[in-house]
*Asks:* 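Quick one: the structure is below, questions incoming.
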Number of protein chains: 2
Amino acid sequence: MYQMLDHTDISILKILQENARLTNQEIAEKLHKTASPIHRRIKRLEDDGFIKRYVAVLDPQKIDRGLMAFTHVQLKDHSKDSLSLFEQAIIRLPEVLECYHMTGMYDFILKVAVKDLAAYHEFLMHELFGIMAIGSVQTTLVMKQSKHEGAFPITIPQQPFPSAHKTD
Amino acid sequence: MYQMLDHTDISILKILQENARLTNQEIAEKLHKTASPIHRRIKRLEDDGFIKRYVAVLDPQKIDRGLMAFTHVQLKDHSKDSLSLFEQAIIRLPEVLECYHMTGMYDFILKVAVKDLAAYHEFLMHELFGIMAIGSVQTTLVMKQSKHEGAFPITIPQQPFPSAHKTD
DNA sequence: GTTGAAATACAGACGCG
DNA sequence: CGCGTCTGTATTTCAAC
């Protein structure tokens with residue numbers, strides 16, 4: 001089991017989700033603390049697995065990935081072979097940013113990023129439709145992204161025994 | 001207009017998308033260079049807007065966001081008022097990680113992260129269904145994520161005049 | 001949570017190819 | 001024009017308090 005997070009930990013995680021390039025000292029100033037304890041806390045958050053990794057966010061437009069689409073896929077059947085065949089094939093496609101195995105109407109939802117509609121057509125024809133397990137595909141295109149990705153809202157996991165002695 | 005990316009820039013971007021915590025020196029070793037030019041190139045990639053920001057990726061399970069859902073929304077009508085009303089309301093909901101305005105069958109696709117099904121029910125009943133502009137909603141739940149998010153595939157944007165004198 | 005010291009990385013300068 | 005060596009500065013990191 002993992003340690004409980006206190007209010008300072010939550011604040012650190014929120015800050016790091018927005019901007020992981022801040023120095024410990026800058027984070028410390030925001031929280032009215034000093035760099036050392038911030039550093040220890042971040043190290044612990046990493047070691048305990050709360051922070052999985054740090055990534056750079058690129059501008060899709062500038063690297064010719066300006067068109068994003070959600071591709072909803074139904075397989076021909078739900079055999080174990082079809083599922084693993086599909087997943088194996090999808091993982092190799094660079095246009096597929098994310099692949100989710102879903103409950104409900106669709107078997108998979110893919111988040112796809114390509115240069116333009118021509119490139120998406122190319123992707124469907126030469127990549128996706130070549131996968132044998134595919135039954136039907138429905139596409140919706142992203143016109144506008146209203147909320148940016150990546151940041152999870154953080155609340156304190158159920159805290160049955162609030163510590164009365166937190167110096168924070 | 002922005003500068004063209006060469007092979008070293010592409011490599012740097014790929015590395016930084018996977019692990020933004022590597023030091024310039026570590027990146028330099030991977031690319032058989034020294035830290036100085038790497039540092040200069042990263043600075044330029046930031047200044048030119050290729051790299052928008054750096055973020056920490058958290059473990060959804062550990063912060064009680066283990067259930068992810070895609071919520072497909074159709075509005076009652078497509079008036080300008082309905083659209084902006086919906087977007088304004090959505091932005092305030094912490095459970096909504098991403099919000100896309102779509103073409104096609106649905107008006108919006110929301111990526112929602114909550115603790116469990118009970119929390120999702122709560123989210124629908126007390127948050128989403130409270131928005132007046134909402135027409136209908138269809139949910140699919142994520143059972144498994146096959147491909148991780150965030151990393152764009154990078155190719156060299158159309159290179160009409162390949163430089164013959166690249167020292168790289 | 002604080003202080004202080006050593007190791008390391010950053011962010012310029014400069015000269016070289 | 002980009003690379004590499006060098007330099008001062010800031011930051012990280014680890015110790016003891």
Side-chain angles (χ1 to χ4, degrees), chain A residues 2-58 62-63 156 159 162-168, chain B residues 1-58 154 156-168:
Chain A
Y2 51 81
Q3 279 287 113
M4 207 63 93
L5 300 177
D6 69 6
H7 180 263
T8 304
D9 292 319
I10 306 277
S11 299
I12 291 174
L13 289 177
K14 282 182 180 172
I15 290 171
L16 254 26
Q17 274 194 127
E18 294 300 322
N19 184 359
R21 260 285 158 107
L22 291 178
T23 65
N24 293 342
Q25 199 163 322
E26 288 170 315
I27 297 170
E29 282 166 17
K30 283 177 187 283
L31 304 180
H32 307 292
K33 299 209 185 309
T34 56
S36 257
I38 299 296
H39 173 256
R40 259 199 302 259
R41 280 169 181 272
I42 292 177
K43 191 109 182 59
R44 189 172 61 72
L45 290 168
E46 291 168 356
D47 293 343
D48 291 353
F50 286 93
I51 299 171
K52 285 164 72 179
R53 57 192 219 280
Y54 298 87
V55 301
V57 179
L58 307 189
K62 298 223 171 189
I63 54 172
I156 299 186
Q159 204 155 357
S163 161
H165 298 309
K166 273 276 151 67
T167 58
D168 195 24
Chain B
M1 190 51 183
Y2 50 84
Q3 280 288 112
M4 206 62 97
L5 300 177
D6 68 6
H7 179 264
T8 304
D9 292 318
I10 305 278
S11 300
I12 291 173
L13 288 177
K14 282 182 179 170
I15 290 171
L16 253 27
Q17 274 194 127
E18 295 299 321
N19 184 358
R21 261 282 158 113
L22 291 178
T23 64
N24 292 341
Q25 196 163 323
E26 289 170 314
I27 297 171
E29 284 164 16
K30 283 178 188 283
L31 304 181
H32 306 292
K33 297 210 187 311
T34 57
S36 255
I38 301 297
H39 175 256
R40 264 193 299 259
R41 280 168 180 271
I42 292 177
K43 191 105 181 61
R44 188 171 61 73
L45 289 168
E46 290 168 356
D47 292 343
D48 290 354
F50 286 92
I51 299 171
K52 285 165 73 180
R53 58 193 217 280
Y54 299 87
V55 302
V57 179
L58 307 189
I154 310 170
I156 300 186
Q158 69 283 356
Q159 204 155 0
F161 299 107
S163 162
H165 299 307
K166 273 278 151 64
T167 58
D168 198 21

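Just so it is clear: chains get the letters A, B, ... in the order the sequence lines come, proteins before strands, and each one is counted from 1. What you see below is based on every heavy atom in this structure, not just the backbone, and it leaves out hydrogens, waters and symmetry mates.
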*Asks:* Do any side-chain nitrogens or oxygens of A/Thr34 fall under 4.0 Å of OP1 or OP2 in C/dT2?
*Replies:* yes
*Asks:* Nearest whole Å is fine: how far is D/dC14 C1' from A/Arg44 CZ?
*Replies:* 18 Å
*Asks:* Write down the distance between NE2 (B/His7) and P (D/dG2), rounded to a whole number of angstrom.
*Replies:* 17 Å
*Asks:* Rounded to whole angstroms, how far apart are NZ on A/Lys43 and P on D/dA15?
*Replies:* 12 Å
*Asks:* Quick check against the 3.5 Å criterion: does B/Asp48 have a side-chain atom that pairs as donor or acceptor with the backbone of B/Phe50?
*Replies:* no
*Asks:* Could you say whether B/Ala35 or A/Ser36 is positioned toward the 5' end of DNA chain D, judged by the nucleotide with the nearest heavy atom to each?
*Replies:* B/Ala35
*Asks:* Could you check how far OH of B/Tyr54 sits from P of C/dC10, rounded to whole Å?
*Replies:* 10 Å
*Asks:* Expressed in angstrom and rounded to an integer, what is the separation of A/Arg40 atom CZ from D/dC14 atom P?
*Replies:* 11 Å
*Asks:* Can you check the B/Ile12 CD1 to D/dG2 P distance for me, whole Å?
*Replies:* 12 Å
*Asks:* In whole angstroms, how far is the P atom of D/dT5 from the CD atom of B/Gln25?
*Replies:* 11 Å
*Asks:* Need one value for B/Thr23: base, sugar-phosphate or nothing, where a base atom within 4.0 Å counts as base even if backbone is also close, heavy atoms only.
*Replies:* sugar-phosphate
*Asks:* Compare side-chain N and O positions of B/His39 against OP1 and OP2 of C/dA11 and report whether any pair is under 4.0 Å apart.
*Replies:* yes
*Asks:* Using only side-chain N and O atoms of A/Asn24, determine if any of them is under 4.0 Å from OP1 or OP2 of D/dT11.
*Replies:* no
*Asks:* Might you work through the side-chain contact (heavy atoms from CB on, under 4.5 Å) test for A/Leu16 and B/Leu58, ending with a clear yes or no?
*Replies:* CA-CA 9 Å; A/Leu16 254 26; B/Leu58 307 189; over 6 Å; no
*Asks:* Under 4.0 Å between a side-chain N or O of A/Arg41 and OP1 or OP2 of C/dG1?
*Replies:* yes
*Asks:* Nearest-Å distance, CD1 (B/Ile42) to C1' (C/dC10)?
*Replies:* 11 Å
